[in-house]
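Atoms considered below: every heavy atom in the structure, side chains included; atoms not considered: hydrogens, waters and symmetry mates. In each ligand, atom 1 is the first atom listed, and ligand 1 is the first ligand listed. Here the structure is a predicted model, which is why all the values come from computation and not from measurement.
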Amino acid sequence: MATENFIQSTSEIARISEDSAKLKIESKEFDLPVVKATCGPDGILISKLKNEAFVTLDPGFLTTAQCSSNITYIDGEQSILRYRGYPIQDLAEKSTFLEVAYLLIYGYLPTKEQRDSFIDDVNGRTLVGEDFRSFLGGFPRDAHPMALLSSSVAALGTFCSGTSSVHDLQAIEEATKNILAKTRTITSFLHRRRRNEPLLYPDYSRGYVDDFIRMCFAIPYERFESNPLLVDALDKLLILHADHEQNCSTTVVRITGSSNASLYSSVAAGICALSGPLHGGANEKALKQICEIREYIKEGKTIQDFVNMVKDNKQKLAGFGHRVYKSYDPRAAIAKEYAKKMYDAKIGDLDLFELAFELEEVVMEDDYFSSRHLYPNIDLWTGLIYKAMGFDPEMFTTIFALARIPGWIAHWREMHRDPLTKIGRPRQVYTGPVYNKYISVDERKL
Ligand code: SDX
């Protein structure tokens with residue numbers, strides 16, 4: 001059922017319109033087709049230039065669309081984020097992480113029966129084989145969890161035989177649910193293994209998020225009651241991170257998948273891309289930055305002094321700025337609400353919450369940042385919240401990865417359905433030596 005609807009919901013991705021854009025270069029004029037957007041910028045299809053003497057050059061793809069997509073829409077000026085047209089505010093308030101995962105992957109909100117059957121399917125795949133523990137056991141306990149998570153997901157396909165095909169819809173469904181289900185278990189293993197604690201098995205009677213918190217923090221054979229505020233906060237943060245259109249790691253998942261690499265390998269590649277401090281690693285960096293500010297204050301300096309040092313040294317404040325949001329990141333607004341709830345409930349290191357609230361105030365009043373359209377992004381708050389939940393800073397980005405899994409899967413599956421998809425192979429503008437004659441080593445001089 002879900003698969004058929006999924007095919008319909010993605011068949012009209014590429015909508016080439018009768019309009020065209022005219023490009024005049026020297027004496028040549030090109031009529032370039034336009035792909036109409038339902039909202040946001042239309043796309044100029046430049047493929048026909050491939051046989052001409054030009055390529056377009058756009059470092060970091062600032063104004064280049066690599067695909068059409070029906071999944072997520074962001075308007076960075078208006079602080080809009082919508083998954084399949086649903087505003088993030090409504091989904092954060094009314095939905096749950098697994099329901100949002102269904103929406104992103106299959107393209108529509110499930111009926112109660114579809115949702116419950118999906119949850120059962122995911123829960124039924126939560127266990128990873130005992131051999132997986134010995135696979136993990138080969139890594140140093142203090143290895144960064146993002147390196148272990150990417151290795152684990154790349155290896156997962158070898159533990160789930162027959163589910164790595166990129167053409168067999170049943171295999172794709174299996175891989176989809178395996179990755180959704182098992183990355184939660186693996187993330188809890190990574191958290192406990194770092195602490196040399198016994199790994200725990202899932203308890204299907206509890207919800208996805210509640211049981212993840214139990215698998216991370218419970219003491220074996222002792223009754224474990226999760227704090228409902230922490231379960232609610234984590235469920236919302238997973239929803240907020242579930243997708244974000246063509247960000248760095250999602251682009252890597254699509255490009256990797258375009259070579260017909262399996263869903264496991266493509267998601268593992270996305271995890272590697274997310275590990276960078278300019279991307280998913282920013283929440284860990286943002287927390288370390290707040291702790292640094294606390295030391296600054298102990299030396300009698302102020303937050304303004306810290307911000308001035310950042311500006312003078314042309315450094316980047318972690319948790320601020322965004323490639324697309326040139327306004328307040330709508331996710332940050334919701335995450336900040338949960339930071340306030342945990343502060344009010346006196347959960348976590350209250351000093352750090354107070355410093356973050358004050359840092360945001362100082363930055364928002366400073367025209368160095370506003371003139372560069374630098375506002376808080378979601379990473380300013382998530383590190384504080386995860387630390388208050390009891391996670392080590394090195395684990396923060398693995399929780400971001402856990403949340404982004406449904407988005408990555410949705411984009412990989414859409415890429416494979418898009419009739420315009422080709423293997424990702426960008427061009428370049430070559431600026432190296434035109435020709436060199438080989439000189440034998442005896443004749444070479446410095
Ligand atoms: C995520 O793409 C996504 O959707 C990502 C993400 C997702 O959900 O997948 O939203 C997750 O990655 C959020 C961003 C997390 N990263 C950080 O918080 C790290 C700090 N932020 C910056 O590194 C930066 O803002 C980026 C990388 C996020 C965006 O950088 P851009 O758009 O490439 O901006 P830029 O580097 O061209 O900077 C423009 C100007 C420069 O100043 P000038 O040269 O004009 O004087 O703004 C300055 C930059 O120096 N600047 C900052 C700054 N970010 C940019 N100055 C101080 N602090 C910052 N954070």
Side-chain angles (χ1 to χ4, degrees), residues 40 58-66 69 71-77 79-83 88 92 100 104 146 237-254 267 270-290 292-293 303 306-335 356 359-360 362-364 366-384 396-397 399-408 410-411:
D58 185 16
F61 311 119
L62 276 161
T63 47
T64 296
Q66 61 141 338
S69 178
I71 299 172
T72 292
Y73 176 65
I74 300 175
D75 180 329
E77 302 301 328
S79 295
I80 289 173
L81 170 59
R82 297 182 191 136
Y83 298 160
I88 193 67
V100 166
L104 287 168
M146 281 298 275
L237 291 183
L238 294 177
I239 289 172
L240 295 178
H241 284 90
D243 192 53
H244 216 233
E245 57 137 281
Q246 307 304 321
N247 59 82
C248 177
S249 51
T250 300
T251 298
V252 165
V253 169
R254 278 178 167 262
V267 169
I271 295 170
C272 292
L274 189 71
S275 67
L278 290 188
H279 188 15
N283 51 24
E284 184 181 345
K285 199 147 175 268
L287 179 80
K288 284 182 181 153
Q289 176 181 270
I290 299 275
E292 213 185 302
I293 290 175
I303 289 187
F306 183 85
V307 170
N308 292 341
M309 180 269 293
V310 165
K311 294 191 294 185
D312 297 344
N313 302 341
K314 286 293 277 175
Q315 287 171 354
K316 301 235 168 132
L317 263 182
F320 289 86
H322 198 275
R323 170 60 56 77
V324 180
Y325 292 123
K326 299 309 172 190
S327 57
Y328 205 95
D329 179 340
R331 305 169 299 176
I334 299 167
L359 174 65
E360 184 198 37
V362 168
V363 170
M364 296 287 276
D366 187 327
D367 63 12
Y368 174 92
F369 295 93
S370 48
S371 64
R372 291 170 173 79
H373 308 293
L374 300 172
Y375 295 88
N377 61 51
I378 190 168
D379 293 296
L380 176 63
W381 306 110
T382 48
L384 286 163
F396 296 170
T397 313
I399 299 168
F400 187 158
L402 184 65
R404 188 53 55 88
I405 295 278
W408 286 331
H411 280 276

Subject >> Passing candidate, side-chain contact (heavy atoms from CB on, under 4.5 Å) with Trp408, options Thr250, Asp243, Leu104 >> reply: Thr250
**OP:** Using a strict cut-off of 4.0 Å, indicate which atoms of ligand 1 neighbour a heavy atom of Arg372.
**Re:** 42 (O), 43 (P), 45 (O), 46 (O), 47 (O)
**OP:** Please say whether Leu317 places an N or O atom under 3.5 Å from an N or O atom belonging to ligand 1.
**Re:** yes
Subject >> Residue of the set Arg331, His322, Met364 for which side-chain contact (heavy atoms from CB on, under 4.5 Å) holds with Pro376 >> reply: Met364
Original post:
Counting heavy atoms only, which part of Lys314 comes closer than 4.0 Å to ligand 1: side chain, backbone, both or neither?
Top reply: side chain
Subject >> 4.0 Å protein heavy-atom contact status of atom 22 (C) of ligand 1, strictly under >> reply: yes
Original post:
At a non-hydrogen distance cut-off of under 4.0 Å, which region of Arg404 contacts ligand 1 (side chain, backbone, both, or neither)?
Top reply: side chain
Subject >> Value rounded to 0.5 Å, distance of OG1 in Thr382 from CZ in Phe396 >> reply: 8.0 Å
Subject >> Side chain to side chain, Cys248 and Arg323, heavy atoms closer than 4.5 Å >> reply: no
**OP:** Start with the C-alpha gap between His241 and Arg404, add the side-chain angles, then the distance that decides, and say whether side-chain hydrogen bond (donor to acceptor under 3.5 Å, both in side chains) holds.
**Re:** CA-CA 6 Å; His241 284 90; Arg404 188 53 55 88; over 6 Å; no
Original post:
Got a protein heavy atom sitting under 4.0 Å from atom 37 (O) of ligand 1?
Top reply: no
Subject >> ligand 1 contact by Gln315, heavy-atom criterion under 4.0 angstrom >> reply: yes
Original post:
With a 4.5 Å limit on heavy-atom distance, are the side chains of Leu317 and Gln289 in contact?
Top reply: yes
Original post:
So, for Asn377 and Gly321, which heavy atoms are closest and what is the spacing to 0.1 Å?
Top reply: ND2-O, 2.9 Å
Original post:
Taking the six-membered ring for Trp, is the centroid-to-centroid distance between His244 and His279 below 6.0 Å?
Top reply: no
Original post:
Are any side-chain N or O atoms of Asn313 and backbone N or O atoms of Gln315, one a donor and one an acceptor, separated by less than 3.5 Å?
Top reply: no
Subject >> Protein contact for atom 43 (P) of ligand 1 (heavy atom, distance under 4.0 Å) >> reply: yes
Original post:
Would you say Asn377 and ligand 1 have an N/O pair spaced under 3.5 Å apart?
Top reply: yes
Subject >> Aromatic Tyr368 / basic Arg372 pairing, under 6.0 angstrom, 45° off normal >> reply: yes
Subject >> Any N or O of Leu374 closer than 3.5 Å to N or O of ligand 1 >> reply: no
Original post:
Any non-hydrogen protein atom below 4.0 Å of atom 4 (O) of ligand 1?
Top reply: yes
Original post:
Does atom 26 (C) of ligand 1 have a protein non-hydrogen atom under 4.0 Å from it?
Top reply: no
Original post:
Does ligand 1 have a heavy atom under 4.0 Å from the side chain of Lys326, from its backbone, from both, or from neither?
Top reply: side chain
Subject >> Note: Glu284-Lys288 ion pair, threshold 4.0 Å (strictly below) >> reply: yes
Subject >> Nitrogen or oxygen atoms of Cys248 and ligand 1 under 3.5 Å apart >> reply: no
Original post:
Would you say ligand 1 has an N or O under 3.5 Å from any N or O of Phe320?
Top reply: yes
Subject >> Region of Arg331 engaging ligand 1 - heavy atom pairs below 4.0 Å >> reply: side chain
Original post:
Under a 4.0 Å heavy-atom limit, does Lys316 contact ligand 1 with its side chain, its backbone, both, or neither?
Top reply: both
Original post:
So which bit of Leu278 gets within less than 4.0 Å of ligand 1, heavy atoms only: side chain, backbone, both or neither?
Top reply: both
